[in-house]
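Okay, structure first, notes after.
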Amino acid sequence: MNTSVAAGRARRRAVPSSAAVPAPRHERADTPGSRLAPENLDTAERQLLEEQIEQLRAEVSQLRQALDSRPVIDQARGMVMALGPCDAEVAWQVLVQVSQHSNIKLRHVAAALVAGAEGTPVPKPIRKALASALHRVRTARR
């Protein structure tokens, strides 16, 4: 065996895997004697923690909203793929363009398209933007 190959293998074995590194312990504020307990924090630390908590709450809310709207967006993407006809990435770009040109959030555009398939009229700004975007897709294929 080549000595440089053997040396490379030995070095790889000497490096600890991420599984061997213990995960950091997280302190809980409700643990007696914790340095994060409210009585052990000064005003600046407490304010910083409160800001971080608020940011995390906002992020969780946004992620929940994204998870809730994902199935409708996927249905709308499938509809655009059938109308195009186009692949999933192009359908996504069409939905983004419709959202931007109609100044309506993408999840609302998707909901309107899905509702339109069920008989509810699609709002005019969405219809116009969708027609333009699909026209661009169809002419780009030629």
Side-chain angles (χ1 to χ4, degrees), residues 1-2 4-32 34-142:
M1 177 185 294
N2 186 338
S4 63
V5 172
R9 287 184 182 159
R11 275 193 303 270
R12 282 192 296 258
R13 279 189 226 117
V15 175
S17 72
S18 61
V21 178
R25 295 198 62 203
H26 298 286
E27 283 189 69
R28 292 181 49 131
D30 59 355
T31 303
S34 168
R35 67 182 180 83
L36 296 178
E39 63 272 5
N40 295 332
L41 296 175
D42 65 24
T43 305
E45 290 172 325
R46 187 174 298 161
Q47 183 178 4
L48 178 63
L49 282 175
E50 288 172 0
E51 289 172 4
Q52 290 174 338
I53 289 169
E54 190 56 39
Q55 288 173 350
L56 290 171
R57 284 185 178 139
E59 185 177 353
V60 166
S61 174
Q62 290 170 357
L63 290 171
R64 284 186 177 142
Q65 191 173 43
L67 284 173
D68 290 343
S69 63
R70 192 70 201 182
V72 174
I73 292 172
D74 286 341
Q75 286 177 330
R77 185 190 289 197
M79 292 170 61
V80 172
M81 290 170 65
L83 291 169
C86 58
D87 65 16
E89 181 58 33
V90 172
W92 175 257
Q93 293 303 320
V94 166
L95 289 173
V96 169
Q97 289 173 14
V98 170
S99 172
Q100 290 174 347
H101 286 92
S102 64
N103 199 24
I104 299 172
K105 292 185 182 227
L106 194 138
R107 68 177 178 269
H108 297 305
V109 167
L113 292 177
V114 171
E118 296 168 351
T120 304
V122 177
K124 188 173 182 178
I126 295 175
R127 275 197 329 264
K128 287 179 70 174
L130 180 62
S132 296
L134 288 173
H135 178 72
R136 284 190 293 274
V137 167
R138 290 174 184 139
T139 57
R141 283 184 295 163
R142 292 180 191 178

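Note that the structure is a prediction, hence the values are computed from the model and not measured.
Residues passing the side-chain contact (heavy atoms from CB on, under 4.5 Å) test with Pro71: none are found, sequence neighbours excluded. For Glu50, the side-chain contact (heavy atoms from CB on, under 4.5 Å) criterion is met by Arg46, not counting sequence neighbours. Taking Ala76 as the reference, Leu95, Ala110, Leu113, Val114 meet the side-chain contact (heavy atoms from CB on, under 4.5 Å) condition, with sequence neighbours excluded. Listed by chain and residue number, nothing satisfies the salt bridge (Lys or Arg N to Asp or Glu O under 4.0 Å) test with Arg127 (two or more places apart in sequence, or in another chain). Ala111 meets the side-chain contact (heavy atoms from CB on, under 4.5 Å) test with Val72; sequence neighbours excluded. With sequence neighbours excluded, the residues that form a side chain to side chain donor-acceptor pair (under 3.5 Å) with Arg136 are Gln97.
Atoms CG and CZ, from Leu106 and Arg77 in turn, are 9.5 Å apart once rounded to the nearest 0.5 Å. Taken to the nearest 0.5 Å, the CD1 atom of Ile73 stands 6.0 Å off from the CZ atom of Arg70. A distance of 10.5 Å separates OG1 in Thr139 from CG in Leu134, rounded to the nearest 0.5 Å.
The side-chain heavy atoms of Ser99 and Ile104, taken from C-beta on, include no pair separated by under 4.5 Å.
Across all non-hydrogen atoms, the minimal contact from Gly116 to Val122 is CA-CG2, 3.7 Å.
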For residues 53-69, please give each side-chain donor-acceptor pair under 3.5 Å, one per line with the distance, not counting sequence neighbours.
{"residue": "Ser69", "atom": "OG", "partner": "Gln65", "partner atom": "O", "Å": "3.1"}
{"residue": "Ser69", "atom": "OG", "partner": "Ala66", "partner atom": "O", "Å": "3.3"}

Show me the donor-acceptor pairs, under 3.5 Å and distance only, between side chains in residues 83-92 and residues at least two apart or in other chains.
{"residue": "Asp87", "atom": "OD1", "partner": "Glu89", "partner atom": "N", "Å": "3.3"}
{"residue": "Asp87", "atom": "OD1", "partner": "Val90", "partner atom": "N", "Å": "2.8"}
{"residue": "Glu89", "atom": "OE2", "partner": "Gln93", "partner atom": "NE2", "Å": "3.2"}

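Legend: side chain to side chain donor-acceptor pair (under 3.5 Å) pairs involving residues 103-119, not counting sequence neighbours: none detected.
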